[in-house]
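Okay, so here's the structure we're looking at.
Every heavy atom of this structure was used, including side-chain atoms; hydrogens, water molecules and symmetry mates were not. Here is how names work: the chains are called A, B, and so on, in the same order as the sequence lines, proteins then strands, and each is numbered from 1.
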Amino acid sequence: MLMKRVIPCLDVHEGRVVKGVNFIDLRDAGDPVELAAAYDKEGADELVFLDITATHEDRPLMLEVARRTAEEVFIPYTVGGGMRTSADIRAMLSAGCDKISMNSAAVAAPGLITETSRIYGSQCIVVAIDARRVPGSSRWEVFVSGGRTNTGLDAVAWAEEAERLGAGEILLTSMDRDGTKDGFDIDLTRAITRAVNIPVIASGGAGELDDFAEVVIEADADAVLAASVFHFGQFSVRQVKEAMAAHGVPVRL
Amino acid sequence: MIAIIDYRMGNLRSVQKGFEHAGVRDVVVTDDPEVVRAADGIVLPGVGAFRDASANLKASGLWELLLSRVAAGTPFLGICLGMQLLASVGLEDGEWEGLGMIPGTCERLPGGVKIPHIGWNTVAYPRESRLFDGIPADTAFYFVHSYHLRPSDPSCIIGSTEYGVPFAAAVQAGSAYAVQFHPEKSSDMGLRLLANFGAIVTERGSR
């Protein structure tokens with residue numbers, strides 16, 4: 001049976017993890033690779049590294065993180081943030097990462113999705129969508145540049161378009177819920193999972209253990225992603241998976 | 001020595017490092033037929049299209065060599081595309097010759113489910129195999145694929161997975177083993193499988 005995935009997300013700035021992590025026994029809590037290995041031990045199914053530096057000068061640092069991760073961590077991992085061109089994506093995949101995630105670049109140049117998925121396979125091209133509800137409606141709009149710019153694109157239509165262009169997965173973040181700990185955005189996630197036939201990773205809003213099973217059961221999410229609840233030690237990955245299993249969600253324990 | 005075959009079908013660093021972390025020593029990545037000929041074990045990984053893989057193997061002069069080494073009993077492990085290539089025929093974007101170590105076809109997964117099949121899925125054991133020594137039945141491994149190997153004779157299936165339909169997740173014919181999932185991305189249990197293959201190689205070498 002195909003398992004639902006639990007994916008911790010690590011924010012990386014200049015080659016270092018920025019948010020504090022409460023793992024014990026780490027020699028270097030800021031080292032993305034050591035943290036990745038700790039999450040693997042805890043039972044994480046995948047990892048996402050989000051490069052929040054994203055300036056051209058710092059690309060080699062993230063490439064080095066990707067290279068070391070491939071050599072020391074044996075679960076799949078995605079790198080996102082700051083990749084603008086086919087050459088950026090090629091360099092990151094050659095460094096050994098399994099998937100790359102694109103957000104602003106995909107909106108600015110949708111052809112990049114098609115080009116890179118044809119070359120490397122759709123399974124390694126993730127399109128990240130940051131969506132916010134249009135007040136008083138049941139529509140969501142797509143924001144880029146770290147949530148600063150409203151593109152005016154309809155989130156459901158953009159997800160469908162991303163699939164058509166060759167995306168292998170959608171990483172969906174609810175900007176309304178992100179950071180609130182009010183739970184995942186069920187309406188948004190359901191709207192997207194109904195619209196596309198590729199896996200959807202739900203993100204934004206995790207606050208309670210039961211939130212994870214809810215978005216899988218109620219909105220048909222294929223995977224759940226969270227950052228702060230893991231980093232600050234509120235829950236371990238294993239606790240989340242055990243809670244999901246208690247609700248009857250198939251997870252790898 | 002175990003030779004991981006580099007035929008320009010994807011990044012092989014994780015496979016090599018996975019063996020190292022599993023405690024298997026003397027693993028090299030190579031495209032040199034002489035190194036492959038001398039190897040005690042051969043690993044054929046790979047991600048990409050069947051046609052390109054088949055063409056690259058033939059162009060590198062490794063095609064016949066792989067067949068003769070496996071016929072001579074050298075332990076072999078195919079991973080993902082490296083499993084699919086064992087079919088007699090690949091049906092991805094046309095019809096392409098496979099190595100034929102496992103009579104059968106490489107076909108697209110049937111519809112009705114999301115394709116590619118991405119994620120952790122459980123593997124059941126229709127029969128016992130050394131490759132899964134110490135790995136409980138229904139352990140989840142990491143899969144990423146749209147095509148699968150469909151053997152004409154199902155008795156070679158040592159691991160079976162359900163995704164819409166049951167399909168062969170692992171096969172064995174003589175000294176040739178192959179898995180559709182990625183042991184090098186399947187955490188502890190994946191590394192255990194690599195260690196098991198290492199043990200199979202060592203055991204044969206010491207005979």
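There is no contact between Leu253(A) and chain B, counting heavy-atom distances below 4.5 Å. Ser122(A) touches chain B through its side chain: at least one heavy atom from C-beta onward sits under 4.5 Å away, while N, CA, C and O do not. Contacts between Val123(B) and chain A at a heavy-atom distance below 4.5 Å are absent for every atom of the residue. Only the side chain of Leu191(B) comes within contact range of chain A, with heavy atoms under 4.5 Å apart. Residue contact with chain A, scored on non-hydrogen atoms closer than 4.5 Å, involves the backbone of Ser186(B) exclusively. Contacts between Ala223(A) and chain B at a heavy-atom distance below 4.5 Å are absent for every atom of the residue.
Between Lys114(B) and Asp222(A) a salt bridge is recorded (basic side-chain N to carboxylate O distance below 4.0 Å). Note on Glu71(A) versus Arg13(B): salt bridge recorded, some NZ/NE/NH1/NH2 to OD/OE distance being below 4.0 Å.
When every heavy atom of Ser187(B) is checked against every heavy atom of Asp40(A), the shortest pair comes out as OG-OD1, 2.5 Å. Residue Val113(B) comes nearest to Asn197(A) through the heavy atom pair O-ND2, 4.3 Å, listed as atom of the first residue, atom of the second, then distance.
Contact check for Val47(B) versus Gln123(A): side-chain heavy atoms found under the 4.5 Å cut-off.
Between atom CD1 of residue Ile198(A) and atom CD1 of residue Ile115(B) there is a gap of 13.5 Å, rounded to the nearest 0.5 Å. For the atom pair His21(B) NE2 and Phe74(A) CZ, the distance stands at 4.0 Å (nearest 0.5 Å). Taken to the nearest 0.5 Å, the OG atom of Ser14(B) stands 6.0 Å off from the OH atom of Tyr77(A). Rounding to the nearest 0.5 Å gives a distance of 10.5 Å between CE of Met3(A) and CZ of Phe143(B). Taken to the nearest 0.5 Å, the NE2 atom of His182(B) stands 14.5 Å off from the CD1 atom of Ile75(A).
Sparse packing is recorded around CG of Asp188(B), with 12 or fewer heavy atoms of other residues, nucleotides or ligands lying under 6.0 Å away. Applying the 6.0 Å contact sphere to NZ of Lys41(A) captures no more than 12 heavy atoms from other residues, nucleotides or ligands. Around CZ of Arg127(B), the count of heavy atoms belonging to other residues, nucleotides or ligands within 6.0 Å exceeds 12.
The greatest number of non-hydrogen atom pairs below 4.5 Å with chain A, out of Ile118(B), Val144(B), Thr139(B), is found for Ile118(B).
Judged by distance alone, the side chain of Asn121(B) and the main-chain N or O of Met1(A) form a donor-acceptor pair under 3.5 Å.
Under the rule for a side chain to side chain contact (heavy atoms under 4.5 Å, CB included), the partners of Asp45(A) that lie at least two apart in sequence or sit in another chain are Arg5(A), Val6(A), Lys241(A), Arg252(A), Trp120(B).
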